[in-house]
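One is the number of the first residue; the rest follow in order along the sequence. Heavy atoms only: backbone and side chains are in, while hydrogens, waters and symmetry mates are out.
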Amino acid sequence: MNRKHKINTIRNIGIIAHIDAGKTTVTERILYYTGRSHKIGEVHNGEAVMDWMPDEQERGITITSAVTTCLWEGTEIHIIDTPGHVDFTIEVERSLRVLDGAIGVFCAVGGVEPQSETVWRQADKYLVPKIAFINKLDRVGANFLGTIEMMKARLNANPLALQLPVGSEEDFAGVIDLIHMKQIIWDADTLGAVYTAEDISPDLMETAQEYREKVIETVAEVDDEIMEAYLSEAPIAAEKLLAGIRRATINLKLVPVLCGSALKNKGIQPLLDGIVGFLPSPADVPPVKGIHPETGEALECRANDKDPLAALIFKVSMMEGRKLSFIRIYSGTIKAGTDVYNPSRKMKEKLARILMIHANKRERIDNAGAGSIVGIVGLKESSTGETLCSTDHPILLEKMEFDEPVISVAVEPKTHADQEKLDQVLAKFMAEDPTLKVRTDEDTGQTILSGMGELHLEIITSRMQREFKTSVNIGKPQVVYRETIDTEAEASAIFDKEIAGQRHFGQVTLRLKPVARGTGNRFKIEVTGAIIPEVFIPAIEKGVMESLESGGFMGYPVIDVEAVLTGGSYKESLSTELAYTVSASMACKEALLKGAPFLLDPIMDVEILVPESFVGDVIADLNSRNGKIESIKPKMGIKMIKATVPLARMFGYSTSLRSASQGRGTFSMQFSHFDRS
């Protein structure tokens, strides 16, 4: 199969939302109506195409971001269905890094929920144009206009309602299209595949006209062409209005809002039209920036097949024992069987096969061009966040940043056979998931697994058992603390030893002082080149930074410390980089112990939704966990409590909240910062 689609008929989009807003259900309907799947898979009975992992089917949640491709009205749409649970934020982050547009799915009952806010902010960070789909309008308590108001208040978005619901809750029947002024009704017998656009019923006409006027006014405020037409009071044709909305969406000035009920098969085809009509093609977004790996010169990649290759690996997955790398091609083309260059590792890699991905099914293709998202088999060393390019035109695209893990468990193999498998299995998981860290505890010899939350680690250990038949015992979750110092301290160290017939000498004096929380570690120099030659300074800095990776108090990483090189000595022909690295490390360790070290807890932002009658019990429970209440606000008949709580005190919180609220409270939490609890 060769390249069939022009670059302006490609859409790379992600579906982002809070857990349970209906992302996967929306995706399943999209696949059904575009002819990609011939049966609608439901999340609640474990048959969703995009949730193909056993853990996803059993829990009814999305864990990995699944990639799929479908066609609508001659446009090739690459969709990534991302997880909504906070423990899998990395999946969203790396997907948004390579997407051109996103659909935010909101539940009409829950409105803008905490994780929706997180993923929306991630999309803002990568300047991703968005459209919104307000789902579940058939549910009791659905509030379309209320959700739009929440989008303004919570997301700082500029929502533009392009539809109005016809009826609400169990009477929800269809939508009014405010652009073409038609009422769209779906046929239940065809699972929503057949729908009709008819005249708006007279009782809704006045409201529809009022909201269409609002659409024109809102677009006119951000688009000059529409503003001219609006001021001249000439009628504005639907095509002209759609073009104005597209420009404003791509320029991040508006968020078009559509609505429906994915579970009841209503509203999906207009959403597909919205993806094609409002979200950008790879040619519509600014060129991606990178640097030349040798010279550091700034470079740009235009979305053009004829330009040199620039592609980013945004995910690595182990499929049937093989390494499958997902890449986004920003410019140039790739061909199966050819070599590509990885500038991070300064090595060539062979592209054995190129695959068009549909969830867990794959279709082989010969080549792929700019704007495509494809899978590659054959890369041995390259991993997530690395660039692939041509040897003649090397480029390094901006690396992806990942959050540090906040929670750990000890894993022990049950049998000797499991021990051998465990190392291989963990290596595979780490290749797939950059937020998973594995280390061996020097004191106990245990294998320590660190991740983003209890659910994250639970899924990993479940997959060990299920996919790799590796039986392990799991220790109690442990918090990954940080260390810092309370007072300024100075220490000096000398390294003077003969190693393999050569004498190494280095003396370093360091002063460590605490800095403001969140500042990070810094290294400063207050000595002249006469005391220690400049050539040895990098070796001293290396020794300091390495020793800060594990503090002398309890072995956790040290943060928010400034190390100042204040003195030392140098001996001609005897001083070496090794000696200065070791002496700097020794001095740093000693100063850390003198500086009254203490532990910093990971503090979590917790958001709890609970009926008013249970607020007192929930707050009492938070107080007992050393929580600080930041705000209590009413939200659609319930109270929303925002608090910060040390992670160590949040284990088993879901059980406590259920008993304190008779099962009616829900909560979400995410890492905020490190501090004294």
Measuring from I603:CD1 to R649:CZ, what's the distance to the nearest 0.5 Å?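 If we round to the nearest 0.5 Å, I603:CD1 and R649:CZ are 11.0 Å apart.
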To the nearest 0.5 angstrom, please state how far the CD1 atom of I30 sits from the CD atom of Q269.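 The distance works out to 10.0 Å.
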So do the side chains of [X] and [Y] get within less than 4.5 Å of each other, counting heavy atoms only?
{"X": "E28", "Y": "Y32", "result": "no"}
{"X": "W120", "Y": "V128", "result": "no"}
{"X": "I216", "Y": "R212", "result": "yes"}
{"X": "E221", "Y": "N158", "result": "no"}
{"X": "K136", "Y": "S261", "result": "no"}
{"X": "F172", "Y": "K264", "result": "no"}

What residues, two or more places apart in sequence or in another chain, satisfy ring-ring contact (aromatic ring centres under 6.0 Å, His included) together with [X]?
{"X": "W72", "value": "none"}
{"X": "Y195", "value": "W186"}
{"X": "F133", "value": "none"}

Would you mind telling me which of [options] makes a side-chain contact (heavy atoms from CB on, under 4.5 Å) with [X]?
{"X": "L99", "options": "I16, I373, I79, V285", "answer": "I373"}
{"X": "I629", "options": "V606, L622, T644, V645", "answer": "L622"}
{"X": "K130", "options": "I13, L279, D124", "answer": "D124"}

Heavy atoms only: give me the nearest S661-V610 pair and the separation to one decimal.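 Answer, listing the atom of S661 first, then V610: CB-CG2, 3.8 Å.
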Which pairs count as salt bridge (Lys or Arg N to Asp or Glu O under 4.0 Å) when at least one residue sits in residues 158-176, sequence neighbours excluded?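 As it turns out, there is no salt bridge (Lys or Arg N to Asp or Glu O under 4.0 Å) pair with a partner in residues 158-176 once direct neighbours are skipped.
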Applying salt bridge (Lys or Arg N to Asp or Glu O under 4.0 Å), which residue pairs with at least one partner in residues 613-622 are found, sequence neighbours left out?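 Pairs touching residues 613-622 that pass the test: D621-R625.
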If you count heavy atoms of other groups shown closer than 6.0 angstrom to CG of D224, is the number above 12?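 Result for CG/D224: open.
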Determine whether a donor-acceptor pair (N or O, by modelled atom type, separation under 3.5 Å) exists between the side chain of S281 and the backbone of A283.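 Yes: the side chain of S281 pairs with the backbone of A283.
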What residues form a side-chain contact (heavy atoms from CB on, under 4.5 Å) with V257, not counting sequence neighbours?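 Counting only residues at least two positions away or on another chain, V257 forms a side-chain contact (heavy atoms from CB on, under 4.5 Å) with A132, I134, F144, I148, M151, P159.
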Determine, step by step, whether I176 and K182 satisfy the side-chain contact (heavy atoms from CB on, under 4.5 Å) criterion, reporting the C-alpha distance in whole Å, the side-chain angles of both residues, the deciding distance to 0.1 Å, and the verdict. CA-CA 6 Å; I176 291 171; K182 290 285 181 190; over 6 Å; no
What do the steps show when you test I641 against V618 for side-chain contact (heavy atoms from CB on, under 4.5 Å), and what is the final call? CA-CA 9 Å; I641 303 167; V618 170; 3.9 Å; yes
